[in-house]
Protein chains: 2
Amino acid sequence: MSKDYGQFCGLARAAQVLGERWALMIVRDLTVSARRFTDLHEGLPGIPTTVLTTRLRELEESAVITRRAAPSPARGVLYELTPRGRDLQPILDALGRWGAEAMASPRESEVVTDSSLASALRSAHRPGGLAGPLTYHVRSGAASAWATTRGDEVTVGPGEPSSDPDLTIDAGPELRLLLAGTLTPEEALASGGIAIAGARRLLEEFTRSFRVPLSAPAP
Amino acid sequence: MSKDYGQFCGLARAAQVLGERWALMIVRDLTVSARRFTDLHEGLPGIPTTVLTTRLRELEESAVITRRAAPSPARGVLYELTPRGRDLQPILDALGRWGAEAMASPRESEVVTDSSLASALRSAHRPGGLAGPLTYHVRSGAASAWATTRGDEVTVGPGEPSSDPDLTIDAGPELRLLLAGTLTPEEALASGGIAIAGARRLLEEFTRSFRVPLSAPAP
DNA sequence: CCGAATCCGGCATGATACTG
DNA sequence: CAGTATCATGCCGGATTCGG
């Protein structure tokens, strides 16, 4: 609904734009990379095209995203965040960590998408790791994403990394427990819930660089 | 809707609870102080009682709030944040600042409530002021709230401060511009948009301690 | 007074089909 | 590829009523 809350309040203004159904998911996908309409539609299972159209228009009116022609080889329209939209990234990362604290294992019928995996890695990253650069390629279920750490910074993206990764991680739902520290790298490998291609030492570095605590069991 | 997004993602889980209509407003009011049903209903103009009832139940199921019997003199039920709900406070403050950046002046029919004013002060506070403690009483429109700074910390509340404030500020919509730094204390007082009771020096301290930049003109 | 439950009109959402 | 068209469902907003 484009109805407001009748309050002169920053949070009310934010909620008017971001509180609409699917709006946060769309912005999250765009914090990971610019996307076309069809990319977004495929990356957000269940969203009706009508709703996607409406949200994109509203987010554009609110100066959170812009649309421009896709660069040369591709055709069509590319949606991307404006500077104002990019300001949301650390806030959504924090909100995602908050939500992830009570999220131990996937519910029936919950999937992992490229963008959700990439944004999870970004929000899980903490400084203090090896100087790098180090590139991790993570796959979980049908999703694939990569993360490159360089000093205290991290860059993430959907799909395959453009250059050969230093470590490839193939994981099931155990990835969540690995990020929580509930499961050690040794246990994860031994149980078969996680398989790697690359130096085993780098998996330990991965668990130091990416962490999301887990406070409650899965609801 | 209690429909989820079908994604194993922290942000999706957060959006399922907080993305519902009025949910963020309810939590915001509860970050300021514990409230009864009727308090919330009066502090959120336009919310239907059915929606308030439903949201309170959902937020309770998600362990964001709890309900308990109101303390002795009062009767009824008191809703308050759980520790997990309190974790949301800095995130909502950041989201409120983001929304406030594009909010220069109230739209037609937008009001200020006690809780929105109190939370605005909290999210506007920045460290580095006088050691204090200093208590400000701020009124704008029909809303009233207070803030006490003590070292680098701030405490806010709705209504009147329990002890005599060091400075009382009566403001119109110009308060937003004062917080943005667009309007100096001198200009605000001279234009009559703001009146104070207390030392004028403290108004300058107030503008140093509470600030929310303004990036775009009012949409 | 407090904390809702009930009834109802309208509109957003979700699902499917279809088009430039 | 990027949406529009159509329609059933059900949530939301507004008013009223009700038990404690």
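Because the structure is a prediction, the values reported are computed rather than measured. Residue numbering restarts at 1 for every chain, and letters A, B, ... go by the order of the sequence lines.
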Exercise. Rounded to whole angstroms, how far apart are CG on A:Leu78 and P on D:dC1?
Worked result: 13 Å
Exercise. Taking 4.0 angstrom as the limit, do B:Arg150 and B:Glu153 come out as a salt bridge?
Worked result: no
Exercise. What is the per-nucleotide protein-contact pattern of nucleotides 15-20 of chain C, from the 5' end, where B denotes a base atom under 4.0 Å from a protein heavy atom, S denotes such proximity for sugar-phosphate atoms only, and - denotes neither?
Worked result: BBB---
For this session: Find out whether B:Thr113 and B:Pro45 are in side-chain contact, i.e. whether some heavy atom of one side chain is under 4.5 Å from a heavy atom of the other.
Result: yes
For this session: Please state whether the phosphate of C:dA12, meaning OP1 or OP2, lies under 4.0 angstrom from any side-chain nitrogen or oxygen of A:Trp22.
Result: no
For this session: Could you grab the distance from atom CZ of A:Phe8 to atom CG of B:Leu117, nearest 0.5 Å is fine?
Result: 11.0 Å
Seminar exercise, completed: With B:Pro173 as partner, the option from B:Ser105, B:Ser140, B:Pro106 fulfilling side chain to side chain contact (heavy atoms under 4.5 Å, CB included) is B:Pro106
For this session: Please tell me if the side chains of B:Phe210 and B:Thr149 come closer than 4.5 Å, counting only heavy atoms from C-beta onward.
Result: yes
For this session: Before accepting this row, confirm whether a basic side-chain N of the pair A:Glu42/A:Arg35 lies closer than 4.0 Å to the acidic partner's carboxylate O.
Result: no
Exercise. Roughly how bent is the helix from C:dC1-D:dG20 to C:dG20-D:dC1 end to end, in steps of 10 degrees, with each end axis from five pairs?
Worked result: 30°
For this session: Find the distance A:Leu44:CG to C:dT13:P and express it as a whole number of Å.
Result: 14 Å
Exercise. Does some side-chain heavy atom of B:Met25 sit less than 4.5 Å from a side-chain heavy atom of B:Arg55?
Worked result: no
Problem set entry | Any B:Arg67 side-chain nitrogen or oxygen under 4.0 Å from OP1 or OP2 of C:dC2 | no
For this session: Give the rounded distance in Å between these two atoms: CZ of A:Arg55 and C1' of D:dA2.
Result: 18 Å
Exercise. Base, sugar-phosphate, or nothing: which does A:Thr53 touch, judged by heavy atoms less than 4.0 Å apart?
Worked result: base
Problem set entry | Interatomic distance, A:Leu40 CG vs D:dA2 P [rounded to whole Å] | 9 Å
Exercise. Taking the side chain of B:Arg21 as its heavy atoms from C-beta onward, which of D:dG3, C:dA5, D:dG13 lies nearest to it?
Worked result: D:dG13
Problem set entry | A:Val51 and A:Arg21, any side-chain heavy atoms less than 4.5 Å apart | no
Seminar exercise, completed: When rounded to whole Å, the CZ to C1' distance for the pair A:Arg68 and D:dA2 reads 17 Å
For this session: Would you tell me whether B:Tyr79 and B:Arg67 have side-chain atoms, one donor and one acceptor, within less than 3.5 Å of each other?
Result: yes
Exercise. C:dG14 phosphate, OP1 or OP2: any side-chain N/O from B:Tyr5 under 4.0 angstrom?
Worked result: no
Seminar exercise, completed: Atom CD of B:Glu42 and atom C1' of C:dC1 are separated, to the nearest Å, by 10 Å
Exercise. So, is A:Arg75 close to the D:dC1 phosphate, meaning a side-chain N or O under 4.0 Å from OP1 or OP2?
Worked result: no
Problem set entry | Atom-to-atom span, CD1 of A:Ile26 to C1' of C:dT13 - whole angstrom | 13 Å
Problem set entry | Distance in angstrom units between A:Asp4 CG and D:dG13 C1', rounded | 13 Å
